[in-house]
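Since the model is a prediction, treat every value here as computed from it, not as a measurement. Indexing begins at 1, ligand by ligand and atom by atom, following the structure's order.
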Amino acid sequence: MKIGIDKIGFYTPHLYLDMNNLAKSRGEEPEKFTIGIGQEKMALAPITQDPVTMAANAALEILTEEDKNKIDLVMFGTESGIDHSKSAGIYVHQLLDLNPEARTIELKQACYGATAAIQLAKGHIALHPESKVLVIASDIARYGLNTSGEVTQGAGACAMLISANPRILELEEKSACYTADIMDFWRPVYSEEAFVDGKFSNEQYIAFFSKVWEQYKEKSGLELSDFEAICYHMPYTKMGLKALRTVLEEGSEDVQERLLENYEVSKAYNKNIGNIYTGSLYLSLLSFLEQKEDLEAGARIGLYSYGSGAVGEFFTGILQPYYREHLHVDHHEKLLSSRKELSVSEYEEIFEETLPTDGSTLELDVNEDPAVICVAGIKDHMRQYVNKEK
Ligand code: HMG
């Protein structure tokens, strides 16, 4: 039985900062950010968006009433969740009126959470072929103002429906994983911002790629030439390229050219949004599928997932016939092109805005936010969510 991605949606907030302006205000050459790091714009979540609302907005785009009834498992991958106890998935479940007989959980392993969810979903569907699983990846990446990680922040969510006989990407059976306890990036429970050993994290991202790539080749008997493209977890768009370059010599000139050309396409959305942590790999996959128009069904796409701390996994998918009919290219292009640019001082102000943590009540004006699902405020330590269409 084929199991894989049947639908994929994405959402990013309506505000962004131009990396040229950030570079100037931080005393850096703009090329460092746009070429050295490879980021052009960075999405910023206003106070009316959080990982829950971004996830719900991403899922809203793809789910029909039939899907909602058939979803019996909701898995929410995030590392910027809003509660230490309650799963962020429960709020999404309520906001989208999902089937109450579903299981709903949150998963965490840095940027790897959604990949873990997808692999668990595969097992679930193998046992229950009629069911559908909603996998959501949603995060706000925060390193702090004036930090070296600042240029690699971002905000957004991907939502995927995993099912039997998927219409977009069949996930192949073989995959290769690697886990090791390292401190390259972490966020203690008392901190709003991540701690990171930047250079070490870059090295480990590549070291883990090398381990899972070698393991994968041995398990599968496949080689570089068997891939149309490899999509990477993209903390910033130069990172995946650095990893790709370590294996390029295994292919002929044609293969190298194809993989490099397709890498460029696979970063189209990421370079305009930034790191969305666990959704980043899927945003790259989406960029590739939506922005590359001449892909043939049957093409094999490699996927490298990396979550600091760390877990790496390499797995693969096969493009399904007529997959393009199930994408929402126009909607996603409009989502990006209709965003509002912020000045650096506006960005800094919004970045510092937080919901009260002392139990006081705050009501927010959701009319400023074009998203359907928003944070409307907080009361008695409970976030108030609104679905404007309900
Ligand atoms: P930095 O020290 O500010 O930058 O940190 P740099 O000095 O290393 O420069 C960056 C690049 O710009 C270099 O290129 C420079 O040469 C180049 P490279 O040598 O690396 O190819 N450069 C220029 N290029 C053109 N024109 C110029 C120019 N000047 C310099 N004028 C760093 C950069 C990424 C380390 C920092 O932003 C950071 O710490 N970011 C956060 C950590 C991160 O993203 N790590 C990635 C791997 S870990 C991961 O992916 C997991 C993660 O997503 C979290 C999770 O799993 O949850 C982060």
May I have every N or O pair linking ligand 1 to the protein at under 3.5 Å, one per line with atom names and distance?
from, atom 1, to, atom 2, distance (Å)
ligand 1, 2 (O), Lys199, NZ, 3.1
ligand 1, 3 (O), Lys32, NZ, 3.0
ligand 1, 4 (O), Lys32, NZ, 3.4
ligand 1, 8 (O), Lys199, NZ, 2.7
ligand 1, 20 (O), Lys242, NZ, 2.4
ligand 1, 21 (O), Lys238, NZ, 2.9
ligand 1, 31 (N), Glu29, OE1, 2.6
ligand 1, 37 (O), Ser148, O, 2.7
ligand 1, 40 (N), Thr152, OG1, 3.3
ligand 1, 45 (N), Ser201, OG, 2.9
ligand 1, 50 (O), His233, NE2, 3.2
ligand 1, 53 (O), His233, NE2, 2.8
ligand 1, 53 (O), Asn275, ND2, 3.1
ligand 1, 56 (O), Cys111, N, 3.2
ligand 1, 56 (O), Ser308, N, 2.8
ligand 1, 57 (O), Glu79, OE1, 3.1
ligand 1, 57 (O), Glu79, OE2, 2.4
ligand 1, 57 (O), Cys111, N, 3.2

Report all side-chain donor-acceptor pairs from residues 151-170 shorter than 3.5 Å, counting only partners two or more places apart or in another chain.
from, atom 1, to, atom 2, distance (Å)
Thr152, OG1, Gly149, O, 2.7
Gln153, OE1, Tyr143, N, 2.9
Gln153, OE1, Gly144, N, 3.1
Gln153, NE2, Glu150, O, 3.3
Gln153, NE2, Tyr347, OH, 3.0
Arg167, NE, Asp6, OD1, 2.9
Arg167, NH2, Asp6, OD2, 2.8

Quick one: side chains of residues 32-46, donor-acceptor pairs under 3.5 Å with protein atoms, not counting sequence neighbours, listed by atom name and distance.
from, atom 1, to, atom 2, distance (Å)
Thr34, OG1, Pro30, O, 3.1
Gln39, OE1, Thr237, N, 2.9
Gln39, NE2, Asn270, O, 3.0
Gln39, NE2, Lys271, O, 3.4

Side chains of residues 52-59: which donor-acceptor partners sit under 3.5 Å, not counting sequence neighbours?
from, atom 1, to, atom 2, distance (Å)
Thr53, OG1, Gln49, OE1, 2.8
Thr53, OG1, Asp50, N, 2.8
Thr53, OG1, Asp50, O, 3.1
Thr53, OG1, Asp50, OD1, 3.4
Asn57, OD1, Ile373, N, 2.9
Asn57, ND2, Gln49, OE1, 3.3
Asn57, ND2, Thr53, O, 2.9
Asn57, ND2, Ile373, O, 2.9

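Looking at Asn262 and Lys292, their side chains do bring a donor and an acceptor atom within 3.5 Å of each other. Tyr306 and Glu313 share no side-chain donor-acceptor pair at under 3.5 Å.
Ring-plane geometry between Phe315 and Tyr282 is classed as tilted, the angle between the planes lying from 30 to 60 degrees on a 0 to 90 degree scale.
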